[in-house]
Amino acid sequence: MTTRTDPQAPAPGPRTTKTPRRPVDLLVGTAGLVAVAAILLAVRVVTDGDPMLGPALLNALLPTGLLLLVAVAANLLLLVLASYTVLRTLIDGDLRGLARAMTAAVAAYALASLINAALSSLVGRDPSPVPDVPGDALNGVPAEVFTNATLGYVAAAIAFALTMPTGMPRVRSLLWYGTTASALCALLAGVSSAPALLLTVLVGIVCAALARYAVGAQPLEPVDARMHAELHRFGLATTAITGAGTDEEGNPRYLADLDDGTRAELSLLSSENTAGFWRRLRDLLLLRGPVAPRMLYGVRRRAEHAALMSFSAREAGVTVPRVLAIGEVGPGTVIVARELPDTRTLDALDDDEVTDDLIDLVWRALGALHRRRLAHGNLTGATVGVLRDDPHHVVLTGVDRGAVAAPALKASLDNAALVTLLAMRVGAERAVDSAVRALGVAATAAILPFLQPAGLPSRTRRGLRRDRRLLSEVGDRIARIAPEAPASPARLERMRPRTVVSVIAATVVGLVLAYQLTGVDLTTIGEADPVWAAAALVMATMCMVGAAMILIGFVPVPLPWWRTVALQYAASFVRIAAPAGLGAIAINARFAVKAGAPTSLALSAVGLSQLVGFMVHVPLLLVCAYLTGTSYWTGFTPSPTVVVISIVGTAAVAVVFLVPRLRRAFAERLRPYLRGVLPRLMDTLQRPASLALGLGGTLLLTVAFILCLHFSVLAFTDPGTRVSLVAVAVVFLAGNAIGSAAPTPGGLGAVEAALIGGLTAVAGVSAAVALPAVLLFRLLTFWFPVLPGWGSFVYLQRREAI
């Protein structure tokens, strides 16, 4: 798209149709929600359930009637101003701005109401905090206005004022005056406290930030005319401006033809641009200090840094694009104009053009930067090039992400990035040899610890995916040249993403278990009723029998009964070191193969047993969920339990099938076990006895687990207490599904948290009973079979049965 300068009617320029969103809004909103949750938790811990005293009686300073009059006037003013703003916005046609403000106001009022309900349940409320004032009203004013701990109207007004469309400064000022007056009246009347008002302000700010991010700002208007005018201010007369896509940071990029025949590159830095922000934030959190990228908040700081890097690099004698102008083309939008030399990037050069002389010139240019304590920070095939008319003149671009007064670590990272980049073009041997010529053997050896993907530019990391052995080849070449090179890699990462996920999962499970542990005496597990505990042990044993029946029924070769039962105990032993389900599948398939079944047939038989178990598990879960809680509903309306389970199950399936990476991982995990399942199923249908044995074992396994959990609960409940077997079945079936999806051995941690939470929420069992009951259940079904399982595993190995 090209725009031409016309003094009478400038041609329309490119539009940015993508809805602008600021990631800072999401961070502020998320941090605010965490702060609100922390405040509620602190209130719960500090008060410990005692009633909260009312705020100080400040109404003695002013007459109650005067406060009432001012408060009513302030709230009426807020309503009038909000109505005017809505009408004005509708007339202007700014529907997105209206949706943003209304969403923020409604969300703030709803969140304030939720906080009030939470505070009421946590600490109680003084029915009459003010003398001579009814407990739920202030001299006849509706309770919804003044008697909440957090003021819903005030929070809604704050959120509305922070997100209302621009262009109405007087209305915005009056909104703030009315909001302040309403809040002060509530404080002076004694129906709210200073901490409660601070919480109200926090609610308004949080909801405003989240609404701005969720709804977004109005798409940017055409900026071509403003770019022409701003460049003219700097004496750069343009004849045409052409859109050129976006740069690596997602900033809109343009090419401008100047009157003197040269071209300039224009970059629009906008505070609304979020591309690249989340990657930098991720790297900042996961990488160690000097390795992490700089977080330059604000477009002006980014533009100033770009100009500083360009000036410093040119002073060092390195050819980089010169910054011609930095101007403003709109609120929060800065334009950076650079000269555009006619270059060919390293990626665009042919292999025979990348000579050793050219490589040495690139190293020389990078060395000039490092001698001035400058780091490039983004050496890729797109930022290293040569002039088109002088292939021996190296040009470096993309220095905006570099650093001045850079530490030696950043220079080492630059060296590692360049040797990796050259190895991708000319091979590891030539790349390392060029580093030796430029840096020497000792400095080249110092690169070895930094040859890690974490320290390389993102574009280079993507290129390494095509040749994952390249870094190893470069490292081996350096080690051959310099045997004294450090062998251990430098520690560039604070933590790996896998570690972050594991820590988060463990933290969540730990918090849930810690919450359930509150007020529970762990010694009560020894107080279990021996009769019910024995019954639970019998059901745990029947689980092994049911699992053996499943394998005997679906495997087409004869399997000895007792050895198959022993195999299930051996599977329990293997399960402690493997994710849920995988250990049992592997050892069952191995047992079938040793019994004479072909490998493909054994895998398909085990896969069929898993499929049949799933087909029994899901309908049974839905039926039990439907029956749970039906006494609270009339007609054929399903209970909330089945609604929640249906929504969660549908969402989980949708996420797996809609996210390509999850879909591939799920398919790769199931493919070895489901291959050939359909022919195996057709063969089993022709043997009714085997089919009945397999289905019977599946039902017995599920029922035995449910009864084991049910008996474990009854072992700790009072004799007259009734516990719904159907509710316990729902809890087990849902908890078992969660454990199957958990990556921990045997679903450890996830199953316990799900069962304890389910028993308290669905079955109505107190936490003091649910915790020891779940511990007893897991002891009988997970930990107790380990010891006989180890003996069975050794026995079957000696018999060469597995």
Test your reading of the model: is there a side-chain donor-acceptor pair from [X] to the backbone of [Y], 3.5 Å cut-off?
X	Y	answer
Thr238	Ala240	no
His376	Thr397	yes
Thr262	Leu258	no
Thr179	Leu175	yes

Roughly how far, to the nearest 0.5 Å, is [atom2] of [Y] from [atom1] of [X]?
X	Y	atom1	atom2	value
Leu340	Leu266	CG	CG	9.5 Å
Thr163	Leu210	OG1	CG	11.5 Å
Ser434	Leu422	OG	CG	5.0 Å
Arg100	Leu162	CZ	CG	11.5 Å
Thr200	Ile205	OG1	CD1	11.0 Å
Leu369	Arg364	CG	CZ	14.0 Å

At their closest point, which heavy atom of [X] faces which heavy atom of [Y], and how far apart are they?
X	Y	answer
Ala423	Ala431	N-CB, 3.5 Å
Ala105	Ala159	N-CB, 4.2 Å
Pro321	Ser310	O-OG, 2.9 Å
Leu255	Ala244	CG-CB, 4.0 Å
Thr345	Gly381	CB-O, 3.4 Å
Pro457	Ala417	CD-CB, 3.9 Å

- Applying side-chain contact (heavy atoms from CB on, under 4.5 Å) to Leu358 and not counting sequence neighbours gives Leu349, Thr355, Val386, Val394
- Query: What residues, two or more places apart in sequence or in another chain, satisfy side-chain contact (heavy atoms from CB on, under 4.5 Å) together with Leu451?
  - Reply: Ala416, Val419, Thr420, Ile447, Leu448, Leu471, Val474, Ile478
- Item | side chain to side chain donor-acceptor pair (under 3.5 Å) pairs, two or more places apart, involving residues 436-451 | Asp360-Arg437
Who are the salt bridge (charged side-chain N to carboxylate O under 4.0 Å, His left out) partners of [X], not counting sequence neighbours?
X	answer
Arg263	Asp257
Arg372	none
Asp390	none
Asp467	none

Considering only heavy atoms from C-beta outward, does the side chain of [X] approach that of [Y] to under 4.5 Å?
X	Y	value
Thr333	Leu269	no
Phe234	Leu324	no
Val323	Phe311	no
Thr242	Tyr254	no
Glu328	Ile335	no
Val384	Leu421	yes
Pro391	Leu387	no
Leu456	Phe450	no

Any residue meeting side-chain hydrogen bond (donor to acceptor under 3.5 Å, both in side chains) with [X], in chain and number order, not counting sequence neighbours:
X	value
Arg480	none
Glu265	Arg253
Ser472	none
Glu339	Arg314

- Before giving the answer on side chain to side chain contact (heavy atoms under 4.5 Å, CB included), spell out for Arg300 and Ile326 the whole-Å C-alpha distance, their side-chain angles and the decisive distance to 0.1 Å. CA-CA 9 Å; Arg300 286 177 176 80; Ile326 297 179; over 6 Å; no
- Steps toward salt bridge (Lys or Arg N to Asp or Glu O under 4.0 Å) verdict (Arg301, Glu304): CA-CA 5 Å; Arg301 288 192 60 190; Glu304 291 169 357; 5.9 Å; no
- Apply side chain to side chain contact (heavy atoms under 4.5 Å, CB included) to the pair Thr319 and Leu396, showing each step before the final yes or no. CA-CA 6 Å; Thr319 302; Leu396 300 181; over 6 Å; no
- Enumerate the residue pairs fulfilling salt bridge (Lys or Arg N to Asp or Glu O under 4.0 Å) with a member in residues 346-355, sequence neighbours excluded, ordered by first and then second residue.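 The answer is Arg344-Glu353, Asp347-Arg459, Asp351-Arg425.
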- Message: Under 3.5 Å, is there a donor on one side chain and an acceptor on the other for Asp414 and His370?
- Response: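 A donor-acceptor contact under 3.5 Å links the two side chains.
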- For the pair Ile158 and Trp176, evaluate side chain to side chain contact (heavy atoms under 4.5 Å, CB included) and give the outcome as yes or no after the intermediate values. CA-CA 8 Å; Ile158 292 174; Trp176 285 119; 4.1 Å; yes
- Under-4.0 Å salt bridge between Asp400 and Arg338: yes
- Query: Checking side chain to side chain contact (heavy atoms under 4.5 Å, CB included) for the pair Ser458/Arg462: CA distance, chi angles, key distance, verdict?
  - Reply: CA-CA 6 Å; Ser458 57; Arg462 291 194 298 269; 3.9 Å; yes
